[in-house]
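Numbers here simply count residues along the sequence, with the first being 1.
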Amino acid sequence: MAENVLLFSYGTLQLRSVQIANFGRELKGRPDAMVGWHRAMVEITDPDVLAQSGETHHPIVSPSGNPADEVPGVVFEITPDELIAADGYEVADYKRVLVTLKSGTQAWVYVKA
């Protein structure tokens, strides 16, 4: 059995509707933050993503170069298959990278492509 992975969400992956649609369950997580990043918004046009989130604009993060900047969010423990499902949910504006969070935890996160 594959080991679970950590996924950090600062946006719509925290929504119950998105979790149920992509993972078939509601996730439990713990708060953390990305240090040295800033958050903006991106317009979403994918009809499936719009239906799941109910939001036309989603947050997106980019490196700020300023260690005083933080993006809060939640760390979820998910399966490798659920990570692949999350990849399918995210639109082309995002790419998945491994980051070290404020707590020192390493987690996958979707950032500006």
Side-chain angles (χ1 to χ4, degrees):
M1 182 166 180
E3 191 173 316
N4 283 347
V5 296
L6 297 178
L7 177 65
F8 179 77
S9 172
Y10 54 85
T12 60
L13 285 171
Q14 295 178 55
L15 298 175
R16 183 180 187 280
S17 61
V18 172
Q19 292 174 6
I20 298 298
N22 289 281
F23 312 127
R25 66 185 180 107
E26 189 171 358
L27 303 177
K28 303 272 189 255
R30 65 182 184 276
D32 212 326
M34 296 174 69
V35 177
W37 294 77
H38 71 266
R39 192 175 117 148
M41 298 300 279
V42 63
E43 184 176 8
I44 301 298
T45 58
D46 182 288
D48 292 332
V49 174
L50 288 169
Q52 291 175 32
S53 73
E55 298 179 11
T56 59
H57 289 77
H58 290 193
I60 195 163
V61 296
S62 301
S64 69
N66 182 348
D69 289 341
E70 286 188 10
V71 175
V74 177
V75 177
F76 297 109
E77 187 174 324
I78 61 173
T79 67
D81 287 344
E82 289 171 332
L83 186 61
I84 292 167
D87 287 345
Y89 168 75
E90 297 295 349
V91 296
D93 296 292
Y94 297 86
K95 66 180 178 182
R96 178 166 46 96
V97 299
L98 194 61
V99 298
T100 301
L101 301 171
K102 186 175 184 177
S103 67
T105 301
Q106 283 200 318
W108 291 107
V109 65
Y110 295 96
V111 302
K112 186 174 181 180

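Under the 4.5 Å side-chain contact rule for hydrophobic residues, Leu6 and Val35 do not share a cluster. Clustering ILVMFWY residues whenever any of their side-chain heavy atoms sit less than 4.5 angstrom apart, transitively, puts Val71 in the very cluster that holds Leu98. Follow the hydrophobic side-chain contacts under 4.5 Å out from Trp108 and you reach Val97 in the same cluster. No chain of hydrophobic side-chain contacts below 4.5 Å, direct or via other Ile, Leu, Val, Met, Phe, Trp or Tyr residues, connects Ile84 to Val109. Transitive grouping of hydrophobic side chains (ILVMFWY, heavy atoms separated by less than 4.5 Å) brings Val91 and Val42 into a common cluster.
Residue Phe76 is tested with Arg30, Lys28, Gln19, Glu82 for a side-chain contact (heavy atoms from CB on, under 4.5 Å); the sole match is Gln19. The one candidate from Asn22, Thr12, Asp48 that meets the side chain to side chain donor-acceptor pair (under 3.5 Å) condition with Tyr89 is Thr12.
The nearest pair of heavy atoms linking Glu77 to Asn4 is OE2-ND2, 3.1 Å. Scanning both residues, Pro59 and Gly11, for their nearest heavy atoms gives CG-CA, 3.6 Å.
Between the side chain of Thr105 and the backbone N or O of Leu101, no donor-acceptor pair lies under 3.5 Å. With Gln14 contributing its side chain and Gly73 its backbone, the two residues share no donor-acceptor pair below 3.5 Å. A distance-only check finds no donor-acceptor pair linking the side chain of Asp69 to the backbone of His38 [under 3.5 Å]. Between the side chain of Tyr10 and the backbone N or O of Tyr110 there is at least one donor-acceptor pair closer than 3.5 Å. Of the possible donor and acceptor atoms, none in the side chain of Ser17 sits under 3.5 Å from a partner among the backbone N and O of Ser53.
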Test side-chain contact (heavy atoms from CB on, under 4.5 Å) on Leu83 and Arg96; report intermediate values, then the result. CA-CA 10 Å; Leu83 186 61; Arg96 178 166 46 96; 3.3 Å; yes
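No side-chain heavy atom of Met41 sits under 4.5 Å from any side-chain heavy atom of Thr56. For the pair Leu15 and Glu55, the minimum side-chain heavy-atom distance is below 4.5 Å. Two residues are said to be in side-chain contact when any heavy atoms from C-beta on lie closer than 4.5 Å; Arg39 and Ile60 fail this criterion. Side chains of Leu27 and Arg25 form a contact here, defined as non-hydrogen atoms less than 4.5 Å apart. In this structure the side chain of Glu90 reaches within 4.5 angstrom of the side chain of Leu13, judged on heavy atoms. Side-chain contact between Val111 and Met34 is present, with heavy atoms from C-beta onward closer than 4.5 Å. Proximity of Ser64 to Trp37: side-chain heavy atoms (C-beta onward) are nowhere separated by under 4.5 Å.
From Lys102, atom NZ reaches atom CZ of Phe8 across 11.0 Å, with rounding to the nearest 0.5 Å. Between the CG atom in Asp93 and the CG atom in Asp46 there is a gap of 10.5 Å [rounded to 0.5 Å]. Once rounded to the nearest 0.5 Å, the distance linking CG of Leu50 with NE2 of His57 reads 10.0 Å.
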